[in-house]
Number of protein chains: 2
Amino acid sequence: MRRTKAEAEETRQQILLAAEKVFYEKGVAHASMADVARAAGVTRGAIYWHFANRADLVLELYNSLPMPQEELIARELEAENADVFAVLERVGREWLELLATDEHRQRILSILLRCDTSGEFAAISERQNDINDEHMQALEAAFAKAQGQGKLCACWTPRSAASMLRWVIKGLCSEWLLFGRRFDIAIEGKEALRRLFRTYASHVPSL
Amino acid sequence: MRRTKAEAEETRQQILLAAEKVFYEKGVAHASMADVARAAGVTRGAIYWHFANRADLVLELYNSLPMPQEELIARELEAENADVFAVLERVGREWLELLATDEHRQRILSILLRCDTSGEFAAISERQNDINDEHMQALEAAFAKAQGQGKLCACWTPRSAASMLRWVIKGLCSEWLLFGRRFDIAIEGKEALRRLFRTYASHVPSL
DNA sequence: AAACTAACATACAGCCTTGTTTGTATGTTG
DNA sequence: CAACATACAAACAAGGCTGTATGTTAGTTT
């Protein structure tokens, strides 16, 4: 039963939604394509028409997440007298708020966190790694700029500051997502960021 | 071919070692019992004799990890004039060093991190959660003690300090384990702990 | 030394999955 | 309005995996 292009796109979205639900509940590894198909109200044929295989389906799930405007942030940080800490803290806060309010993002990130990165999903894992590397470079550059402005406390290096920020956010998010979301990530995260950036700026003797 | 008890225990250990290797390389979900058996030089029969199923095997892998002496630490912290920060920092450092030097621990923790916590492995996940909760309680109590001694900077609460410590360590470990161990966790972790505990102690105005 | 049992190996049944292929009805295009 | 391509459904083939049941050998007990 040939459908119009719009209808086809609709079923594609349905499949993605169903995959999100099923993979989140049963785990990527233990959910079959038939499970997804049932949840989407189609047959496996439809899934294999729109997606090459399960790995591709997960990848598209990942791609369906709108990513924060990195170029915009980069431009903000490039400004001559940019307040690096203020920008970074705000971006971090926005990211946490985005995660806190977008349930799709929560589920998809949970799926990716729990999904076995070896084997068929290696590609996804590698892409995340690449993105991570870029982020770290950008972060380190930003902190270096702050250091040049004399704003970074002497006990931090750009690298150590960037690493610490990344570790805290990563720990925070994984704890929240995998641990039943037993605290308010927006609030606690905001406080943690506040404290962290305060220590970046405070004037404590170097190590 | 009936073996003596000692020999049986030996094959049990062989199976555990093989499981560690295979699960680490292929991921728990995609490795079959036959894979493990082959790697151990036995048949699946031997595995099913020693372990109930795959989940049990993973659980025993987890149990094979010697855990740090929590009671000993607790007693140290209970001392009237205990230097809480010094103890906590040392314990954190020791934990990172233990992880850095013990490859079995690295592989097993990697397996657990990447293993799908829903479904058959829910039990393991719950146990980790319980342990986590205990740790958090102990940490919070320790920081509360430090606060009582007037050593905790006013901008921290016992809870926020404990959370931050946990997030940093968790972020640090997952980054290192899942990310190809591309930095020296003992050194960088030591530095991060140093900076973190310095901020706990430093006298910065409250939030 | 006979009876028993621990420690496996081997064989079996059956399910579930994946990927593909075929069929088909319906849009879409010239 | 053909001819073709699209968007699926349905059927198929093949294999892998799990759990168990059974077989077998060698310690162990009495």
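Below, chains carry the letters A, B, ... as their sequence lines are ordered, and counting in each starts from 1. Both backbone and side-chain heavy atoms feed into the values below; hydrogens, waters and symmetry mates do not. Small disclaimer: the values here were computed from a predicted structure and weren't measured.
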Q: Find the distance B:Glu7:CD to C:dA7:C1' and express it as a whole number of Å.
A: 10 Å
Q: Counting only side-chain N and O atoms of A:Thr4, is one of them less than 4.0 Å from OP1 or OP2 of C:dT26?
A: no
Q: Decide salt bridge (Lys or Arg N to Asp or Glu O under 4.0 Å) for B:Arg107 and B:Glu103; before the verdict, give the C-alpha distance in whole Å, the side-chain angles of both, and the deciding distance to 0.1 Å.
A: CA-CA 6 Å; B:Arg107 280 189 225 111; B:Glu103 294 185 17; 3.2 Å; yes
Q: Would you mind telling me which residue lines up with the more 5' stretch of DNA chain D, A:Ile47 or B:Ala34, judged by nearest nucleotide?
A: A:Ile47
Q: If we check side chain to side chain contact (heavy atoms under 4.5 Å, CB included) with A:Leu193, which of these qualifies: A:Leu88, A:Leu165, A:Val91?
A: A:Leu165
Q: Mind calculating the distance between NE2 (A:His30) and C1' (D:dT18) to the nearest angstrom?
A: 12 Å
Q: If you assign each of A:Ala8 and B:Tyr48 to its closest nucleotide in DNA chain D, which residue comes earlier from the 5' end?
A: A:Ala8
Q: Within 45 degrees of the ring normal and closer than 6.0 Å to the centroid, is that where the cationic atom of B:Arg181 sits relative to B:Phe179?
A: no
Q: Look at the rings of B:Phe85 and B:Phe143 and say which category their plane angle falls in: under 30° parallel, 30 to 60° tilted, over 60° perpendicular.
A: tilted
Q: Look at the rings of B:Trp156 and B:Tyr200 and say which category their plane angle falls in: under 30° parallel, 30 to 60° tilted, over 60° perpendicular.
A: perpendicular
Q: Answer yes if the side chains of B:His30 and A:Glu120 hold a donor-acceptor pair under 3.5 Å, and no otherwise.
A: yes
Q: Given D:dC8, is OP1 or OP2 found less than 4.0 Å from the side-chain N or O atoms of A:Thr11?
A: yes
Q: Can you check each nucleotide of nucleotides 10-15 of chain D against protein heavy atoms at under 4.0 Å and return B for base, S for sugar-phosphate only, - for none, in 5' to 3' order?
A: SBB---
Q: How close or far is atom P of C:dA7 from atom CZ of B:Phe51, stated in whole angstroms?
A: 13 Å
Q: C:dC8 C1' sits how many Å from B:Lys5 NZ, rounded?
A: 16 Å
Q: Report the distance from atom CZ of B:Arg12 to atom P of C:dA6, rounded to the nearest whole Å.
A: 17 Å
Q: With the side chain of A:Asp35 defined as its heavy atoms from C-beta on, choose the nearest nucleotide among C:dT17, C:dA9, C:dT20.
A: C:dT17
Q: Give a yes/no answer on whether the side chain of B:Arg54 brings an N or O atom under 4.0 Å of OP1 or OP2 in D:dT18.
A: yes
Q: In whole angstrom, give the distance that lies between atom CD of A:Glu9 and atom C1' of D:dC8.
A: 15 Å
Q: What's the CD-C1' distance between A:Gln14 and D:dC8, to the nearest Å?
A: 14 Å
Q: Nearest whole Å is fine: how far is D:dA7 P from A:Gln13 CD?
A: 14 Å
Q: Please write out each protein N/O paired with an N/O of nucleotides 2-4 of chain C under 3.5 Å, distance rounded to 0.1 Å.
A:
none

Q: Taking all heavy atoms of A:Ser110 and all of A:Leu178, pick out the closest pair and write down the distance.
A: O-CD2, 4.4 Å
Q: Is the closest side-chain heavy-atom distance between B:Leu59 and B:Phe121 below 4.5 Å?
A: no
Q: Is any side-chain N or O of B:His50 closer than 4.0 Å to OP1 or OP2 of C:dC8?
A: yes
Q: Report the distance from atom CD1 of B:Ile169 to atom OG of B:Ser174, rounding to the nearest 0.5 Å.
A: 11.0 Å
Q: Judged by modelled atom types alone, do B:Arg182 and A:Asn129 share a side-chain donor-acceptor pair under 3.5 Å?
A: no
Q: Kindly say if A:Trp49 contacts the phosphate of D:dC8, meaning a side-chain N or O under 4.0 Å from OP1 or OP2.
A: no
